[in-house]
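Whatever order the structure lists them in is the order used to number ligands and atoms, beginning at 1. Residue numbers count from 1 along this sequence. Values reported hereafter were calculated over all heavy atoms of this structure, with side chains retained and with hydrogens, waters and symmetry mates removed. All values derive from a computational prediction rather than experimental measurement.
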Amino acid sequence: MTTKADAQRMEKIVSLCKRRGFIFQSSEIYGGLNGVWDYGPLGTELKRNVKDYWWRVTVRERDDVVGLDGAILMNRAVWKASGHEETFSDPMVDCRTCKARLRADQIAEKNGVKRCPNCGGKDLTEPRPFNLMFKTYVGATEDELSLTYLRPETAQAIFVQFKNVLDVSRKKLPFGIAQIGKAFRNEINPRNFTFRSREFEQMELEYFCRPEQGLELLEYWKEERLKFYENIGIRRDRLHVKKVSDEERAFYSRGTYDIEYEFPFGVQELEGVAYRTDFDLTQHIKASGKPLDYFDEETKERFVPHVVEPSAGVDRTVLALICDAYAEDEAPDDKGKMETRIVLRFHPRIAPVKVAVFPLLKNKEALVAKAREVQQLLRPHMNVFYDEGGAIGRRYRRQDEIGTPFGVTIDFETLGEKGEALRDTVTLRDRNSMKQERVKISELLQLLLTRVA
Ligand code: ATP
């Protein structure tokens, strides 16, 4: 159950996202487009940091995973073989009174009567299948032959390119193919901000293995994925692991976990980790007639590999990060009076801006010149924000609100006006503790690099 306080918290988060340029409604000046969002300057950085970190730990830091960047458009035959064309649908009901389109499984029954959750009306259509894939046409004519879909998941490109990747990478089982990319689902009820969108991004890994390794690797990847969320700063006690029951699981899966997060609107799925057996490769072998199997040089066996799939949503991870980081506490203003501070306690690793550089005064040329020098020094290595406007306390506050973990102030000590010992040193302020330390400019870059790595 979500409380009024949770709803208010969510409202504040949505408003902060717009006010500070994390997330905007798509096509806002035309009234928006339901279920579609644009990321503003800070949201773009945050999202990029999430994807880069995922890529780093999933692909670059491992010997057994390689990458793929498949196209969004694929031959329609892919979606027939994968089962998406026939089964990728949620039964849907229309309310004849208020015209709302509703998911059949989300309509509650009261005294044996189904009522529209929107208007309370009883005049509902029978459930009808609603395919979640967006249709499109390739080429000049709009007919059955040119029909295909915007991909509803990134995974299928990995399955159909399995052989090509295997041949060029010369990997031995177990090994994985990873991909990050857009996916599209014409969701019936987009809701909860970006949580359920119609256009979103996925980070998927297909980890191929021998059949007898599947269940063990399912456990392994569940743990690895939990570590990932902790390493980007999400609190472990707000993460939940749900073992998906036999009834709820896809028929071909031999085990699935949902990794969930306690959003202000309820505990909801962030990622699915599924042991999909050899279902996908076998489907494509049958439909294409091409060999997508594996030859084990040592045992001289030929077989279709099984696969474990951790499939995460970039947008849901970003939303979880923002919800997890959002806090209000007390901080002194310029006159030392305590005031409420809004702070995003992002882990430095994923914070959109790593460090803000401030000259103490903007009308002192020497301070500005030194601050610009520090900005140039740090810039090639991390996202730096330069700000010379307003009282220093207000500048700190603006950075706290967007989660910048470090602030560097260039003051008269830096210029050597308070003695030679402090020349070329700056104050380094920590966002969470608000404590300041004096650091030599020559040591600043190395120090920051170790803290944001
Ligand atoms: P749900 O039950 O919430 O619709 P799902 O089980 O259909 O999700 P999967 O098909 O397992 O989702 O997709 C893997 C991941 O992709 C999800 O865990 C989620 O992070 C992301 N994802 C799926 N659908 C959406 C969506 N409509 N908006 C944003 N992210 C999504």
Side-chain angles (χ1 to χ4, degrees), residues 23 26 33-39 43 47 50-51 54 58 72 79 82-84 87-92 102-106 130-134 149-159 178-207 218 221-222 225-226 228-229 232 234 239-245 247-253 255-263 265-276 279-280 307-323:
I23 299 168
S26 158
L33 179 64
N34 200 5
V36 188
W37 302 91
D38 291 339
Y39 287 80
K47 204 175 172 197
V50 168
K51 290 190 282 184
W54 186 90
T58 313
I72 287 170
W79 307 112
S82 67
H84 282 86
T87 60
F88 196 65
S89 59
D90 281 336
M92 180 205 73
L102 312 152
R103 243 163 79 168
D105 63 351
Q106 288 173 352
F130 178 82
N131 197 301
L132 297 181
M133 287 196 293
F134 282 97
Y149 304 96
L150 302 186
R151 66 180 177 198
E153 61 174 36
T154 63
Q156 293 306 320
I158 298 180
F159 295 124
Q179 178 168 218
I180 299 178
K182 289 271 190 179
F184 303 82
R185 295 184 191 177
N186 200 1
E187 298 279 0
I188 299 159
N189 282 324
R191 64 182 185 282
N192 291 332
F193 200 21
T194 56
F195 178 82
R196 188 171 298 290
S197 308
R198 289 186 165 135
E199 175 174 342
F200 54 97
E201 248 176 309
Q202 291 184 314
M203 305 181 281
E204 294 195 299
L205 167 68
E206 303 302 325
Y207 195 76
L218 174 68
W221 279 109
K222 180 218 0 158
R225 299 302 305 142
L226 283 168
F228 169 85
Y229 291 110
I232 56 172
I234 293 186
L239 290 168
H240 299 258
V241 178
K242 182 174 104 181
K243 195 167 177 29
V244 179
S245 67
E247 300 80 59
E248 281 180 285
R249 224 164 48 208
F251 69 92
Y252 47 77
S253 165
T256 301
Y257 290 109
D258 282 348
I259 299 181
E260 302 177 320
Y261 176 74
E262 268 175 45
F263 287 98
F265 46 83
V267 177
Q268 301 274 351
E269 175 180 330
L270 269 186
E271 163 161 2
V273 186
Y275 171 25
R276 298 173 66 101
F279 174 75
D280 305 272
V307 74
V308 173
E309 175 197 79
S311 169
V314 179
D315 311 77
R316 287 188 187 178
T317 306
V318 165
L319 187 59
L321 283 167
I322 296 174
C323 292

Asks: Is it possible for you to check whether Arg225 lies under 6.0 Å from the centre of the six-membered ring of Tyr229, through NZ or CZ, and within 45° of that ring's axis?
Replies: yes

Asks: Please state whether the rings of Phe265 and Phe263 are parallel, tilted or perpendicular, taking 30° and 60° as the class boundaries.
Replies: parallel

Asks: Could you state the interatomic distance from OH (Tyr39) to NZ (Lys47), rounded to the nearest 0.5 Å?
Replies: 5.0 Å

Asks: List every atom of ligand 1 that sits less than 4.0 Å from any heavy atom of Leu270, numbering the atoms from 1 in the order shown and giving each element.
Replies: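 Those qualifying, in numeric order: 18 (O), 19 (C), 20 (O).
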
Asks: Write out the residue and atom name of the closest protein heavy atom to atom 10 (O) of ligand 1, then the distance separating them to 0.1 Å.
Replies: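 So the nearest neighbour among protein heavy atoms is Arg185 NH2, 3.0 Å.
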
Asks: Kindly indicate whether the side chain of Gln202, heavy atoms from C-beta on, has any atom under 4.5 Å from the side chain of Gln179.
Replies: no

Asks: Give me the nearest non-hydrogen protein atom to atom 2 (O) of ligand 1 as residue plus atom name, then the distance to 0.1 Å.
Replies: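 It is Glu269 OE1, 4.1 Å.
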
Asks: Please report which non-hydrogen protein atom sits nearest to atom 29 (C) of ligand 1, along with the residue it belongs to and the distance in Å to one decimal place.
Replies: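 Answer for atom 29 (C) of ligand 1: Phe195 O, 3.2 Å.
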
Asks: What atoms of ligand 1 come closer than 4.0 angstrom to any heavy atom of Glu271?
Replies: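 Close to Glu271: 18 (O).
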
Asks: If hydrogens are left out, which of Gln202, Gln268, Glu153, Arg316 has an atom nearest to atom 13 (O) of ligand 1, that is, the closest non-hydrogen atom?
Replies: Gln202

Asks: Is any side-chain heavy atom of Phe184 closer than 4.5 Å to one of Met133?
Replies: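 Result no, sub-4.5 Å side-chain heavy-atom pair not found.
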
Asks: On a heavy-atom basis, I'd like to know which of Ala250, Ala320, Ser311 is closest to atom 14 (C) of ligand 1.
Replies: Ser311

Asks: Which residue and atom name correspond to the protein heavy atom nearest atom 28 (N) of ligand 1, and how close is it?
Replies: Ser197 N, 3.0 Å

Asks: Please could you name the atoms of ligand 1 that Gly272 approaches to less than 4.0 Å, counting only its heavy atoms?
Replies: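 Atoms satisfying the 4.0 Å criterion: 18 (O).
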
Asks: Mind checking whether Arg316 and Glu269 have side chains closer than 4.5 Å, heavy atoms only?
Replies: yes

Asks: Do Gln156 and Ser82 get their side chains close enough for a donor-acceptor pair, meaning under 3.5 Å?
Replies: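 Gln156 vs Ser82: no donor-acceptor pair found between side chains.
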
Asks: Which heavy atom of the protein is the closest neighbour of atom 4 (O) of ligand 1, given with residue, atom name and distance?
Replies: Arg196 NH1, 2.7 Å

Asks: Which ligand 1 atoms, with their elements, are less than 4.0 angstrom from a heavy-atom of Gly313?
Replies: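 Close to Gly313: 20 (O), 21 (C).
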
Asks: Are the side chain of Thr87 and the backbone of Gly83 linked by a donor-acceptor contact shorter than 3.5 Å?
Replies: yes

Asks: Can you report which non-hydrogen protein atom sits closest to atom 22 (N) of ligand 1, along with the distance?
Replies: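 Among all protein heavy atoms, the one nearest atom 22 (N) of ligand 1 is Phe200 CE1, 3.5 Å.
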
